[in-house]
Amino acid sequence: MADKILFYPIDVTYKIENEKAVIYLFGRTAEHKQVCVIDEDFKPYFYVVPKKGNEVEEKLLKIKVEKDNVISEVVKTEKVKRHFLGKDIEAIKVFVKLPRDVPVIRDVVKDWEILDNVTEYDIRFKKRYLIDKGITPLQAVEAKGDFITKQLRVPVLKADKIEPKGEDVLENPKILAFDIETYNPNGKSMDMENNPILMVSFYGQKFKKVITWKHFKTDLDYIEFVKSEAELIERFKEIVNEQKPDIITGYFSDEFDLPYIQARANKYKIKIDIGLDFSELNVKKSRRITSDIIGINHLDIFKFIKRIMGSSIDVSSLSLNSVAAELIGEKKVEVDLENLAHVWDKKPEELEIYCEYNLKDSLLTYKLAEKMLPNIIEMVKIVGMPIPEIGRVGFSQLVESYILKQAPRFNELAPELPHHRELMKRNTQTYQGAFVYEPKPGLYKDIMVFDYRSLYPSIISSHNLDPGTLGCNCCEGKKKVPVEGKDYWFCSKKKGFLPALIEDLITRRVRIKEIMKEKSSPLMEARSLSLKLLANSFYGYLGFPMARWYSFESARSTAAYGRFYIHKVIDEAQKAGFNVLYSDTDSVFLSLDGKTKKDANHFQEKINMELPGIMELEYEGFYPAGIFVSAKMGKFGAKKKYALLSKEGNLKIRGFETVRRNWSPIAKKVQENVLNIVLKENKPKKAMDYTLKVIDELRNNKIPLKDVIIYTQLQKEIDDYDAIGPHVAIAERMRQKGMPVGPGSRIEYVITKHGTKIRDKAKLPSEVSQDDYDPDYYINNQVIPAVEKIFEVLGYKKEDISEHKDQDKLSKFF
DNA sequence: AAAATTCGGGG
DNA sequence: GTGTACGAATTTT
């Protein structure tokens with residue numbers, strides 16, 4: 001008797017069993033029980049496109065490659081009709097036995113003269129399965145088959161039939177947040193090899209716990225004591241196994257918590273075998289680290305927020321503290337973390353507060369994941385990527401995943417990923433980008449801002465820009481793209497594949513916006529945001545060298561049309577008598593100059609009447625005052641650097657860099673204080689006085705040495721550096737002195753008066769005394785750069801800060 | 001201007 | 001592993 005279940009897949013993987021590729025779909029049933037559905041009937045394949053008139057199937061079937069006693073061969077071929085970059089073609093599906101045979105066979109045929117193209121050999125097997133079966137992670141799937149016995153942590157159904165079932169999404173996935181605290185006497189620099197994990201916390205819907213291995217008196221019942229770090233790690237595993245989360249989440253856990261746990265477990269030869277198939281936590285180190293668990297979605301909520309939400313939330317830093325404050329209105333427990341190592345060693349009776357801190361971090365992480373869940377789910381639904389990937393990949397890959405998912409619906413064949421040669425070629429291709437109107441530096445009143453709604457997506461859609469519509473025969477000589485010196489045209493008869501997809505995104509979003517006018521919800525907001533982000537990423541995708549559907553001409557033409565349309569607004573605004581202050585890509589800043597808001601709105605309406613298709617110029621806002629600042633060296637206005645004062649009295653500041661950690665504490669401190677005085681108290685003079693006071697103290701070497709120490713982290717072996725920066729020179733000196741230095745070491749140095757190059761002026765803090773540091777360097781290269789942009793906004797010049805040593809001369813500026 | 005390097009998040 | 005992947009800012013040359 002076969003069983004039938006409805007379930008929601010969470011994680012997909014495959015294994016080779018008995019010389020067969022077996023797909024594993026881990027998920028929850030409609031009854032919220034964990035399950036794994038396996039499918040043994042999916043065959044790997046790729047496509048070849050024969051040149052016209054060539055019969056290639058027989059030849060393909062003869063291929064046999066033997067390597068290391070493994071034989072790869074073609075199992076089956078199948079003629080199919082497909083679209084490919086605007087053409088109707090006949091392709092051949094080439095089936096092989098195992099996924100690993102695909103690249104082997106592809107290697108054999110890649111240079112065959114009788115083929116026009118070989119493609120889709122580079123789509124990962126998991127992805128191939130999801131695309132072909134029409135399965136979207138988290139969305140309902142019906143499977144028929146029999147439950148069988150298998151060595152897994154969950155029941156297994158071997159499917160005979162498997163198909164998506166409606167738009168339904170997994171309700172209430174079980175989220176478990178966790179966080180570790182580590183022994184860390186050296187502040188920011190971390191040493192997984194030598195410093196143990198001191199505590200780990202969990203937070204779930206009805207679950208909270210902190211585990212630590214040093215005993216102290218406490219009444220907090222969620223604290224659990226174990227005897228050693230090794231036991232703590234064992235408990236970590238047990239708890240994950242008991243809790244059975246669908247999603248395990250942490251803040252930067254991809255690159256910190258999970259790799260740390262793994263590194264410490266290695267020390268004790270403990271296997272983190274928490275996968276639902278008993279496989280180990282998989283920490284992969286490439287440029288960025290990823291940590292995955294089979295059957296459980298590991299969600300690094302920091303990465304998701306940074307990538308996907310980054311542009312739509314307004315925080316100065318993406319630390320857990322500020323993000324949580326902004327999104328859920330809660331902050332971390334306030335505690336001196338620098339002191340944890342000391343307390344751990346010397347005053348364990350004071351550890352309780354650190355446990356509370358540890359738990360709160362998990363709680364905040366949990367709440368963030370919960371809050372972001374609609375956004376995460378919507379993105380998963382649209383692009384068809386599983387949760388862990390969503391936050392890790394760039395927008396280009398989100399776009400590509402979406403395109404690949406949609407391809408079967410349009411019967412489109414995917415182009416191959418570019419290889420080395422092609423990639424090099426693409427990397428050299430450049431074209432003129434967006435238009436930026438350089439502002440005249442200064443203070444302005446009554447500013448109206450307009451911008452094009454989704455300028456690039458609407459251009460791609462309205463002008464049908466696509467690699468497959470480029471240079472068609474039917475439209476030759478008709479409508480040309482405004483690219484100087486080039487003869488580009490795109491088909492105006494047949495809708496391109498990518499424009500069709502963009503249009504889909506746009507119309508879906510318009511529909512949602514309509515519904516939202518009646519009644520909004522976090523889900524609607526999330527859906528709308530995902531659709532918008534994706535549509536907005538298409539332009540970047542077209543010009544992204546790694547893209548399958550890369551199209552230099554389409555990207556270039558998009559930018560060209562963009563310039564055309566923004567120039568139209570600028571020109572007409574000037575003709576109508578407005579003063580155009582600034583413009584960047586898709587927005588225009590006008591000062592009213594005696595005209596009224598009504599005039600401006602009228603102007604906007606006139607523009608909109610003349611625009612084609614779905615293009616629209618929108619009203620962004622009105623600002624009573626605003627300042628555009630000058631570029632670094634002065635005479636021209638800087639691009640993308642301005643500050644606006646909103647009607648509500650908030651400052652909207654764009655383009656001012658925030659101070660990074662390799663600045664001296666004094667520079668950070670001054671910038672922070674100046675920002676506070678200026679933004680919160682609105683007292684420029686006070687800020688200036690304060691800055692001048694600090695500069696004066698610097699000049700007289702009165703600022704304590706600890707405030708002029710600069711910290712930089714060494715990224716690689718000292719000898720591997722080509723460019724010797726100050727920190728490299730210092731690292732070298734430390735090595736000569738017999739101090740331990742290597743990648744990851746925190747290098748501290750002070751810039752002194754002696755020497756010419758910065759690297760010669762750098763000295764170890766222990767080698768210098770109060771009078772040695774170089775006031776000029778700290779004034780001109782640290783403090784002034786940290787605040788000059790801010791003061792420029794307020795109407796000061798750099799010279800106002802640096803050249804007037806006594807404060808009397810400054811009074812004239814007020 | 002181009003090439004090299006670092007930071008961010010995490011303690 | 002169905003050859004893979006950060007992105008922006010900053011400093012040095």
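We name chains A, B, ... by the order of the sequence lines, and we start the count at 1 in each one. Every heavy atom of this structure was used, including side-chain atoms; hydrogens, water molecules and symmetry mates were not.
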**Report entry** Under 3.5 Å donor-acceptor, A:Glu400 side chain and A:Arg548 backbone
**Finding:** yes
Query raised in the report: Under 4.0 angstrom, heavy atoms only, what part of the nucleic acid is A:Pro196 near: base, sugar-phosphate, or nothing?
Result: nothing
Query raised in the report: Quick one: A:Met309 CE to B:dG9 P, roughly how many Å, whole number?
Result: 17 Å
Query raised in the report: Between A:Arg287 (CZ) and B:dC7 (P), how many Å, whole number?
Result: 15 Å
Query raised in the report: Can you tell me how far C1' of B:dG11 sits from CG of A:Asp191, to the nearest Å?
Result: 12 Å
Query - Proximity to the side chain of A:Arg128 - top-ranked nucleotide from B:dT6, C:dT2, B:dG11 - result: C:dT2
Query raised in the report: Looking for any heavy atom pair under 4.0 Å, which part of the strands does A:Leu318 touch: base, sugar-phosphate only, or nothing?
Result: sugar-phosphate
Report task. Compute the centroid of each ring, for A:Tyr260 and then for A:Phe256, and state whether the two points are separated by less than 6.0 Å. Result -> yes
Report task. Measure from CD1 on A:Ile747 to P on B:dC7 and round the result to the nearest Å. Result -> 11 Å
Requested in this report: Give a yes/no answer on whether the side chain of A:Lys284 brings an N or O atom under 4.0 Å of OP1 or OP2 in C:dA5.
Outcome: no
Query raised in the report: How would you label the contact of A:Pro103 with the nucleic acid (heavy atoms, under 4.0 Å): base, sugar-phosphate, or nothing?
Result: sugar-phosphate
Query raised in the report: Counting only side-chain N and O atoms of A:Tyr47, is one of them less than 4.0 Å from OP1 or OP2 of C:dT2?
Result: no
Query raised in the report: Taking the six-membered ring of A:Tyr14, is NZ or CZ of A:Lys126 closer than 6.0 Å to its centre and within 45° of its axis?
Result: no
Query raised in the report: Taking the P atom of each, how far is B:dG10 from C:dA5, in whole Å?
Result: 27 Å
Query - By side chain to side chain contact (heavy atoms under 4.5 Å, CB included) - contacts of A:Ala265 (at least two apart) - result: A:Ile233, A:Ile270, A:Ile272
Query raised in the report: Using a cut-off of 4.0 Å on non-hydrogen atoms, how would the nucleic acid contact of A:Glu255 be classed: base, sugar-phosphate, or nothing?
Result: nothing
Query raised in the report: A:His727 NE2 to B:dC7 C1': how many Å, rounded?
Result: 12 Å
Report task. Just call it for A:Lys332: base, sugar-phosphate, or nothing, with non-hydrogen atoms closer than 4.0 Å on any strand. Result -> sugar-phosphate
Query raised in the report: For the side chain of A:Arg307, counting heavy atoms from C-beta on, which of C:dC6, C:dG3, B:dG11 is nearest?
Result: C:dC6
Report task. Would you tell me if any nitrogen or oxygen in the side chain of A:Arg759 comes within less than 4.0 Å of OP1 or OP2 on C:dT13? Result -> yes
Requested in this report: Could you give the distance separating B:dG11 and C:dG7 at their C1' atoms, to the nearest angstrom?
Outcome: 25 Å
Requested in this report: Take the protein atom CZ of A:Phe252 and the nucleotide atom C1' of B:dG8, then report the distance between them rounded to whole Å.
Outcome: 7 Å
Report task. Look at the side chain of A:Glu181 and decide which nucleotide, out of B:dG10, C:dC6, B:dG11, has an atom nearest to it. Result -> B:dG11
**Report entry** Side chain of A:Pro99 (C-beta onward), nearest among B:dG11, C:dT2, B:dT6
**Finding:** C:dT2
Requested in this report: Using the closest heavy atom to pick a nucleotide of DNA chain C for each, name whichever of A:Arg548 or A:Lys306 lands nearer the 5' end.
Outcome: A:Arg548
Query - Length of the CZ-C1' vector between A:Phe304 and B:dG9, whole Å - result: 16 Å
Query raised in the report: A:Ser401 side chain to A:Val383 main-chain N or O, any donor-acceptor pair under 3.5 Å?
Result: yes
Query raised in the report: Which of the following nucleotides, B:dG10, C:dT2, C:dA5, is nearest to the side chain of A:Asp122?
Result: C:dT2
Query raised in the report: A:Ile724 near the nucleic acid: base, sugar-phosphate alone, or nothing, with a heavy-atom cut-off under 4.0 Å?
Result: sugar-phosphate
Requested in this report: Identify whether any heavy atom of A:Tyr183 sits under 4.0 Å from a base atom; if not, whether one sits that close to sugar-phosphate; answer base, sugar-phosphate or nothing.
Outcome: nothing
Report task. Mind checking A:Phe46 for me? I need base, sugar-phosphate or nothing, with any heavy atom below 4.0 Å counting as a touch. Result -> nothing
Requested in this report: Can you sort out the partners of A:Asp39 under side chain to side chain contact (heavy atoms under 4.5 Å, CB included), two or more places apart, ordered by chain and number?
Outcome: A:Ile23, A:Asp41, A:Tyr129, A:Lys133, A:Ile162
Report task. Could you check whether A:Asp101 gets within reach of a base, just the sugar-phosphate, or nothing at all, counting any heavy atom under 4.0 Å? Result -> nothing
Query raised in the report: If you check every side-chain atom of A:Glu338, which of C:dA5, B:dG11, C:dT2 has the closest atom?
Result: B:dG11
Query raised in the report: For the side chain of A:Arg288, counting heavy atoms from C-beta on, which of C:dC6, B:dG11, B:dT6 is nearest?
Result: C:dC6
Query raised in the report: Taking the side chain of A:Met546 as its heavy atoms from C-beta onward, which of C:dA5, C:dG3, B:dG11 lies nearest to it?
Result: C:dA5
Report task. Answer with base, sugar-phosphate or nothing: what part of the nucleic acid does A:Tyr14 contact at a heavy-atom distance below 4.0 Å? Result -> sugar-phosphate
Requested in this report: Using atom CG of A:Asp257 as one end and atom C1' of B:dG9 as the other, report the distance to the nearest whole Å.
Outcome: 10 Å
Query - Which atom of A:Tyr778 lies closest to which atom of A:Tyr749, heavy atoms considered - result: OH-O, 4.5 Å
